[in-house]
Amino acid sequence: MEKHTVSQLKALTSDTEVTLQGWIQDIRVMKNIIFLVFRDHTGIAQLTVKRDSWKGINLESVSRESAVSATGTFLAKGVSKIGPEILLKVLTVLNPSRSPLPLAVSDPVNSDIETRLNHRFLDLRKREVNVVFQAQSKLLWGIRKFLSDNGFVEVHTPKVVAAATEGGADLFRVQYFEKETYLNQSPQLYKEILISAGLNRVFEVGPAFRAEKHNTVRHLNEFTSVDIEMAFSDHNDAMRMLEGSVRSGISEVSSSMGKELAETGHNILIPEIPFPRITYEESVKYIEGHGEKINFGDDFSPEQLKILGNQFHDFYFITKWPAVLRPFYTMPDPANSEFTNSFDLQYQEKEITSGAQRVHDPQMLVERFHSKGLREEDFSFYLESFMYGMPPHAGWGLGLERLCMILLDLPNIREATLFPRDRNRISP
RNA sequence: GCCCCGAUAGUGUAGCGGCCUAUCAUACGGGCCUGUCGAGCCCGUGACACGGGUCCAAAUCCCGUUCGGGGCGCCA
């Protein structure tokens, strides 16, 4: 007996015998006829049972969300409006579901995100929840494809590290045998070392940890960072790779999932490149022109970014950030060292990516350590790679969940994270 | 770190001093019934986070605890 998915049914001729495996979403028992709403990972079908000719198990005992195997004949001219119809011959409960369910999978009541995350596996059985992560997978696939096509090598660097990337305040401490270590907040230092290693162009997709006690809909304490670093390049090269990656990711989502997303209420627009660029100074002027007060060297508040974001359709770069706002490894602007060869990718008021040309001169790097109050001896393993012909280089780090949240217009980054880690949540 | 807010059946809610032996929906259990619908109708089970206080009277007001939501800061 050949197994089928719901999505394959419509290509079949009527009366073909099929076996489907999935879940019972709903059961409607009547005097002479029984309807079961069946769901697999591809869609919904109706299993129809005529009582007088049924010889199988007691269907009234089958609880909703039980995993089942269903065999019957496909009715091409079925009456069902919810999906393809199968005249059921055999139903096997592979594993029953308890009831009542801790949250509604198909009922017309919404659960709080709290309840949903507590029972995430059930929440994810809902198509509109599930589709987010299928889209996220395609998004990343499109980004990977673009980077790979542009000569980037995918690498994996340690997450348990001895020293902080940009200080020490916001790292999680980990006991590593008899030593105290940290969970890495960014692969930054390792990416740069790999540039000195001659890998030319590298990228990494991996977790980043931030021990910040933030409590917002756009921050997590563990998120997926897409990071690149490229040799013999500057911030402009990095920006071109970034807009190319974003566009490639989105167009992959659109071409492979556009229909499913449209059905669940998401309209995907592939952005035009190049993205507009505006400098920090221009941004300050623009925002001040709208009645907000900013001091030089201040970061923009969400309110101010909203003002700025209003003049762009979707993605835009803010470039040339003041050195005081940027980490030690950021290359100063050769024309004016108060500024840097840096950029943020924004989507309206939301920051998605931070990047820059990096300092490659070890002398300058040491000076920058000192100006940021860092001790160079904590970074000797890093600094050493700059002493033996480190190429000029640039790169960026992108928050995958944030990009996904923006793309699908989700109200909370937790909606774009399977098992989010926030200030309070460590389970499931 | 600072600041707001919340907790009522499995789920989501109404109630905000006495009319609460707490509303409604949905789920769940039972019954009737229908080829399509979020099917319908009838009946039933099921809840005030915890501890203290005020009051003749507390789901409702006050304090504390626990758990949680959100904003700012910081960032992806």
Side-chain angles (χ1 to χ4, degrees), chain A residues 25-37 44-51 60-61 63-65 75 77-85 87 97-119 122-123 165-167 169-171 185-188 205-227 242 298-305 321 325-327 343-347 350-355 396-406 411-414 416-417 422-425:
Chain A
Q25 185 167 99
D26 201 3
I27 305 172
R28 278 192 277 283
V29 178
M30 281 148 273
K31 197 152 92 185
N32 302 314
I33 195 164
I34 297 173
F35 301 121
L36 298 97
V37 180
I44 287 173
Q46 177 174 287
L47 311 178
T48 300
V49 177
K50 304 258 164 123
R51 258 230 161 105
E60 290 166 57
S61 70
S63 54
R64 301 206 300 175
E65 296 305 321
L75 305 175
K77 296 232 166 80
V79 187
S80 165
K81 281 187 181 152
I82 60 164
E85 184 167 353
L87 186 61
S97 172
R98 282 198 199 173
S99 88
L101 298 164
L103 67 87
V105 174
S106 62
D107 306 328
V109 283
N110 295 316
S111 304
D112 290 341
I113 184 128
E114 182 64 18
T115 308
R116 293 170 45 212
L117 292 175
N118 283 341
H119 311 279
L122 272 181
D123 185 47
T165 309
E166 295 157 36
D170 54 358
L171 294 194
Q185 64 175 197
S186 151
Q188 183 60 30
V205 180
F209 302 89
R210 304 279 163 91
E212 293 283 348
K213 293 179 180 175
H214 33 49
N215 201 341
T216 77
V217 293
R218 62 188 181 283
H219 289 92
L220 293 171
N221 294 292
E222 177 179 0
F223 66 95
T224 305
S225 185
V226 180
D227 268 86
L242 179 52
D298 282 354
D299 206 344
F300 303 122
S301 70
E303 197 51 44
Q304 292 165 343
L305 286 171
W321 289 79
L325 288 175
R326 290 281 153 160
F343 58 88
D344 278 1
L345 178 64
Q346 300 280 140
Y347 186 94
K350 299 168 194 109
E351 180 183 342
I352 306 157
T353 311
S354 203
W396 43 257
L398 176 153
L400 181 64
E401 295 89 350
R402 274 204 188 166
L403 183 59
C404 185
M405 168 171 75
I406 283 158
N412 191 321
I413 196 163
R414 291 163 184 83
T417 312
D422 61 27
R423 178 75 183 91
N424 298 303
R425 180 173 291 279

**Message:** Could you measure the distance from the CG atom of A/Leu101 to the CD atom of A/Glu65? Nearest 0.5 Å is fine.
**Reply:** 6.0 Å
**Sugar-phosphate, base or nothing in reach of A/Glu401, heavy atoms under 4.0 Å** = nothing
**A/Arg423 CZ: over 12 foreign heavy atoms closer than 6.0 Å** = no
**Prompt:** Do the side chain of A/His219 and the base of B/C74 come within less than 3.5 angstrom through a donor-acceptor pair of N or O atoms?
**Reply:** yes
**Message:** Mind checking if A/Lys350 touches a base, just sugar-phosphate, or nothing, with heavy atoms under 4.0 Å?
**Reply:** nothing
**Request:** Could you tell me whether the side chain of A/Glu303 has a donor or acceptor atom within less than 3.5 Å of a complementary atom in the base of B/G71?
**Result:** no
**Request:** Using the P atoms only, state how far B/A14 lies from B/C75, rounded to an integer number of Å.
**Result:** 38 Å
**Request:** Check the distance between B/G29's P and A/Ile27's CD1 and give it to me in whole angstrom.
**Result:** 9 Å
**Fill in**
Regarding the side chain of A/Ile413, the nearest nucleotide among B/U26, B/C74, B/A76 is B/A76
**Message:** Over all strands shown, is A/Asn412 touching base, sugar-phosphate only, or nothing at heavy-atom distances under 4.0 angstrom?
**Reply:** sugar-phosphate
**Mate of B/G10 where both pairing distances stay under 3.5 Å, Watson-Crick or G-U** = B/U26
**Prompt:** When we call it a touch if two heavy atoms are under 4.0 Å apart, what does A/Arg64 touch: a base, just sugar-phosphate, or nothing?
**Reply:** sugar-phosphate
**Request:** When you get a sec, tell me which of B/G70, B/C33, B/G73 is the closest nucleotide to the side chain of A/Val217?
**Result:** B/G70
**Message:** Tell me whether the side-chain N or O atoms of A/Asn424 pair up with the base of B/G68 as donor and acceptor below 3.5 Å, since no angle test is needed here.
**Reply:** no
**Asked** Where the side chain of A/Asp112 is concerned, which of B/G73, B/G12, B/A27 is the nearest nucleotide?
**Response** B/G12
**Asked** Roughly, in whole Å, what's the span from NZ in A/Lys213 to C1' in B/C72?
**Response** 16 Å
**Prompt:** Which sits closer to the 5' end of RNA chain B, A/Phe300 or A/Glu60, going by the nucleotide each is nearest to?
**Reply:** A/Glu60
**Asked** Which is true for A/Val105 with a 4.0 Å heavy-atom rule: it touches a base, it touches only sugar-phosphate, or it touches nothing?
**Response** nothing
**N-O pairing of A/Arg402 and A/Glu351 below 4.0 Å** = no
**Asked** If you measure from the P atom in B/A25 to the same atom in B/C63, how many Å do you get, rounded?
**Response** 36 Å
**Message:** Closest approach to the side chain of A/Thr115, judged atom by atom: which nucleotide of B/G35, B/G12, B/C72 is it?
**Reply:** B/G12
**Item:** Polar contact flag, side-chain donor to acceptor under 3.5 angstrom, A/Thr417-A/Glu401
**Value:** no
**Item:** Between B/C75 (P) and A/Leu400 (CG): distance, integer Å
**Value:** 21 Å
**Asked** What is the base-pairing partner of B/C72, counting Watson-Crick and G-U wobble geometry with both distances under 3.5 Å?
**Response** B/G1
**Prompt:** Under 4.0 angstrom, heavy atoms only, what part of the nucleic acid is A/Val226 near: base, sugar-phosphate, or nothing?
**Reply:** nothing
**Message:** Does A/Leu398 reach a base, just sugar-phosphate, or nothing at all? Heavy atoms under 4.0 Å.
**Reply:** nothing
**Message:** Please classify the nucleic acid contact of A/Asn215 as base, sugar-phosphate, or nothing, using heavy-atom distances under 4.0 Å.
**Reply:** base
**Prompt:** A/Glu351 CD to B/G73 P: how many Å, rounded?
**Reply:** 12 Å
**Asked** What is the distance, rounded to the nearest whole Å, between atom CG of A/Leu103 and atom C1' of B/G10?
**Response** 10 Å
**Request:** Test for a donor-acceptor pair under 3.5 Å between the base of B/C75 and the side chain of A/Arg402, counting only N and O atoms.
**Result:** yes
**Message:** Taking donor-acceptor contacts at under 3.5 Å, does the side chain of A/Lys50 reach the base of B/G35?
**Reply:** yes
**Prompt:** Out of B/A76, B/U11, B/G70, which nucleotide sits closest to the side chain of A/Ser111?
**Reply:** B/U11
**Request:** Would you mind classifying the nucleic acid contact of A/Asp344 as base, sugar-phosphate or nothing, using non-hydrogen atoms under 4.0 angstrom?
**Result:** nothing
**Request:** Measure the distance from CG on A/Asp26 to P on B/C28 and round it to the nearest whole Å.
**Result:** 7 Å
**Request:** Just call it for A/Thr216: base, sugar-phosphate, or nothing, with non-hydrogen atoms closer than 4.0 Å on any strand.
**Result:** base
**Request:** Figure out the CD/P separation between A/Glu114 and B/G6, and round it to whole Å.
**Result:** 17 Å
**Request:** Using whole Å, report how far CD1 of A/Ile33 lies from P of B/C32.
**Result:** 17 Å
**Request:** Using a 4.0 Å heavy-atom cut-off across all strands, classify A/Ser354 as base, sugar-phosphate, or nothing.
**Result:** sugar-phosphate
**Request:** Could you give the distance separating B/U23 and B/A59 at their C1' atoms, to the nearest angstrom?
**Result:** 13 Å
